[in-house]
Each structure stands twice: as structure tokens, then as C-alpha cells.
Amino acid sequence: MKSEYITKSPEETREVAKKVAQEMKNGGVVCLYGDLGSGKTTFTQGFAEALGIERSVNSPTFLVVRTYRLPDDKSNETIQSFYHIDLYRLNQESEMKDVGLEDIFVNPENLVVVEWSEKLGSLLPSKRLDIHFTYVDDNSRTITLTRHA
Ligand code: ADP
Ligand code: MG
């Protein structure tokens with residue numbers, strides 16, 4: 001897996017997400033960063049698709065946390081559930097504690113993707129994969145990956 005990609009379409013962003021999902025088979029937390037429209041939800045859709053999740057993954061407008069059970073053929077001894085978390089509407093760390101983020105992050109059965117990770121503050125897990133999205137032009141985005149052990 002490279003540490004930087006330039007994608008020229010939403011489909012290419014979903015393809016990058018599939019590669020990342022393959023590398024996350026043992027669970028963990030993927031933290032997405034970037035402006036509105038930079039491609040975080042598009043990435044999350046490709047990621048979920050790679051996990052065999054057929055229910056559509058959208059921007060959770062009012063829901064902060066969405067849980068998807070992995071289908072039997074995609075789950076393994078390690079991961080059972082995919083969590084899509086969108087912090088766009090949350091402003092205080094106390095609100096994130098209310099949502100139970102800490103418990104979701106530490107559960108080894110979970111694979112978690114977080115949009116608006118900038119907001120995590122002290123809840124940012126030390127072990128994580130950070131992915132930064134930047135808008136280049138209408139159809140292009142840069143995607144930069146940094147692993148934190
Ligand atoms: P975010 O979740 O970061 O707000 P979205 O994924 O919801 O962003 O929106 C990204 C928008 O940009 C979509 O309308 C998508 O079709 C468009 N787009 C254009 N080019 C790309 C690209 N290379 N990668 C991802 N999205 C792209
Ligand atoms: Mg989004």
C-alpha cells in the first residue's frame with residue numbers, strides 16, 4: 001500500500017478504500033480527515049463494499065454511529081462488525097463519550113472508520129491509520145495515509 005494516492009474519480013477513491021480494507025482484516029480504527037466534499041464518505045462506501053456490506057453507506061445526517069454486521073463469509077475470528085462514525089455534528093468531547101466511542105474503539109471485534117476525526121481530541125486512539133483527503137479539482141483528490149502504531 002502506497003502512502004499517497006491521487007484519484008481522478010469517485011470510483012478510484014473507492015478502489016483505494018478497498019485496498020485499505022484488505023489491510024485492516026485484523027480490525028482497528030481508520031481516522032479520516034478533510035473538508036466537506038473531499039471524499040471521506042465516498043471512501044467509506046468503497047471500504048464497506050470490500051467488507052461485503054450491501055446495505056448502502058451514506059453520510060449519516062443525524063446518526064453519528066452506524067453499525068454493520070459483517071456477513072459470515074467476510075467476518076473472521078477477529079472482526080465481526082463495521083462501524084461508520086461521522087462526527088460532523090458533534091462539538092464536545094463529552095458528546096463523543098456519550099456516544100460510547102471509547103468502547104467502540106477498544107473492542108477488538110470492530111473495524112471502525114471515523115469521518116471528521118479532527119474532532120476526536122483526547123479520544124483519538126494512539127493505534128490508528130490516519131487518512132487525509134484534499135480537494136485538487138472537481139474530479140481529483142489526494143489521499144495520504146499515515147499509520148500510527
Ligand atoms: P465528504 O464525506 O468528505 O464530505 P463525500 O464523499 O460525501 O465527501 O463527497 C465527495 C464528492 O466529490 C462526491 O460528490 C463525489 O462524487 C465527488 N468526487 C469527485 N471526484 C472525486 C474523487 N476523486 N474522490 C472522491 N470523491 C470525488
Ligand atoms: Mg461525509
Side-chain angles (χ1 to χ4, degrees), residues 1-25 27-71 74 79-107 109-148:
M1 203 162 58
K2 292 192 290 181
S3 59
E4 183 161 310
Y5 294 87
I6 298 173
T7 63
K8 306 277 188 201
S9 67
E11 186 47 45
E12 283 186 25
T13 291
R14 286 192 284 269
E15 288 303 319
V16 172
K18 287 178 193 170
K19 283 188 207 167
V20 176
Q22 298 305 328
E23 306 255 330
M24 297 293 299
K25 281 284 154 69
V29 183
V30 181
C31 293
L32 311 185
Y33 307 81
D35 294 340
L36 202 63
S38 61
K40 302 179 297 296
T41 298
T42 301
F43 177 95
T44 307
Q45 289 165 344
F47 195 96
E49 207 180 303
L51 300 175
I53 291 159
E54 288 174 358
R55 212 150 43 97
S56 68
V57 170
N58 300 309
S59 294
T61 316
F62 294 105
L63 274 181
V64 174
V65 179
R66 285 195 181 183
T67 315
Y68 301 82
R69 193 95 188 146
L70 264 61
K74 296 281 182 179
I79 45 170
Q80 302 289 332
S81 300
F82 170 63
Y83 278 80
H84 178 198
I85 295 170
D86 191 326
L87 302 177
Y88 186 60
R89 280 167 198 284
L90 296 195
N91 292 309
Q92 314 270 339
E93 278 181 37
S94 59
E95 295 179 296
M96 308 197 201
K97 293 209 165 93
D98 293 344
V99 165
L101 288 191
E102 291 156 307
D103 292 339
I104 295 169
F105 290 164
V106 299
N107 187 335
E109 293 186 348
N110 295 341
L111 183 46
V112 187
V113 170
V114 184
E115 295 193 49
W116 298 101
S117 301
E118 293 90 339
K119 296 190 176 192
L120 282 170
S122 70
L123 297 183
L124 185 71
S126 54
K127 186 167 191 271
R128 66 187 189 272
L129 176 64
D130 279 342
I131 308 185
H132 290 262
F133 293 80
T134 41
Y135 175 99
V136 179
D137 60 32
D138 271 4
N139 296 309
S140 307
R141 305 289 186 271
T142 59
I143 302 176
T144 310
L145 292 78
T146 316
R147 194 173 279 285
H148 297 268

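Bear in mind the structure is a predicted one, so any value in this text is a computation, not a measurement. One-based numbering, in listed order, for ligands and for the atoms of each.
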Check whether any side-chain heavy atom of Tyr68 sits under 4.5 Å from a side-chain heavy atom of Leu51, and report yes or no. no
Can Asp35 and Ser38 be counted as having a side-chain donor-acceptor contact under 3.5 angstrom? no
What protein heavy atom is closest to atom 25 (C) of ligand 1, reported as residue, atom name and distance in Å? Thr13 OG1, 3.4 Å
Can you tell me the protein heavy atom closest to atom 19 (C) of ligand 1 and the distance? Asp138 O, 3.1 Å
When distances are taken from atom 17 (C) of ligand 1, the protein heavy atom at minimum range is Arg141 NH2, 3.6 Å
First locate atom CZ of Phe105, then atom CG of Leu123, and finally report the distance between them rounded to the nearest 0.5 Å. 7.0 Å
Quick one: look at Glu115 and ligand 1, take heavy-atom pairs under 4.0 Å, and tell me if it's side chain, backbone, both or neither. side chain
Side chain Arg141, main chain Gly37, donor-acceptor under 3.5 Å: yes
Judged by heavy atoms only, the candidate from Gly46, Gly37, Ser9 nearest atom 1 (P) of ligand 1 is Gly37
So the angle subtended at the Mg ion (ligand 2) by Glu115 atom OE1 and Thr41 atom OG1, rounded to 10 degrees, is 80°
Among non-hydrogen protein atoms, atom 3 (O) of ligand 1 lies closest to Lys40 NZ, 2.7 Å
For Val114, run the side chain to side chain contact (heavy atoms under 4.5 Å, CB included) check against Val29, Leu32, Val65 and tell me which one passes. Val29
From Ile143 atom CD1 to Lys2 atom NZ, the distance as rounded to the nearest 0.5 Å: 10.0 Å
Heavy atom of the protein closest to atom 7 (O) of ligand 1 (residue, atom name, distance): Thr41 CB, 3.6 Å
The closest protein heavy-atom partner of atom 21 (C) of ligand 1 is Pro10 N, 3.7 Å
Any N/O pair Gly39/ligand 1 closer than 3.5 Å: yes
Parallel, tilted or perpendicular, judged at 30° and 60°: which one describes the rings of His132 and Tyr33? parallel
Measure the spacing between OG1 of Thr142 and OH of Tyr135 and express it to the nearest 0.5 Å. 12.5 Å
Using a 4.0 Å heavy-atom cut-off, say whether Asp35 meets ligand 1 through its side chain, its backbone, both or neither. backbone
Short list, please: which atoms of ligand 1 are under 4.0 Å from a heavy atom of Thr7? 22 (C), 23 (N), 24 (N)
When you measure from atom 5 (P) of ligand 1 to every protein heavy atom, which one gives the shortest distance, and what is it? Thr42 OG1, 3.8 Å
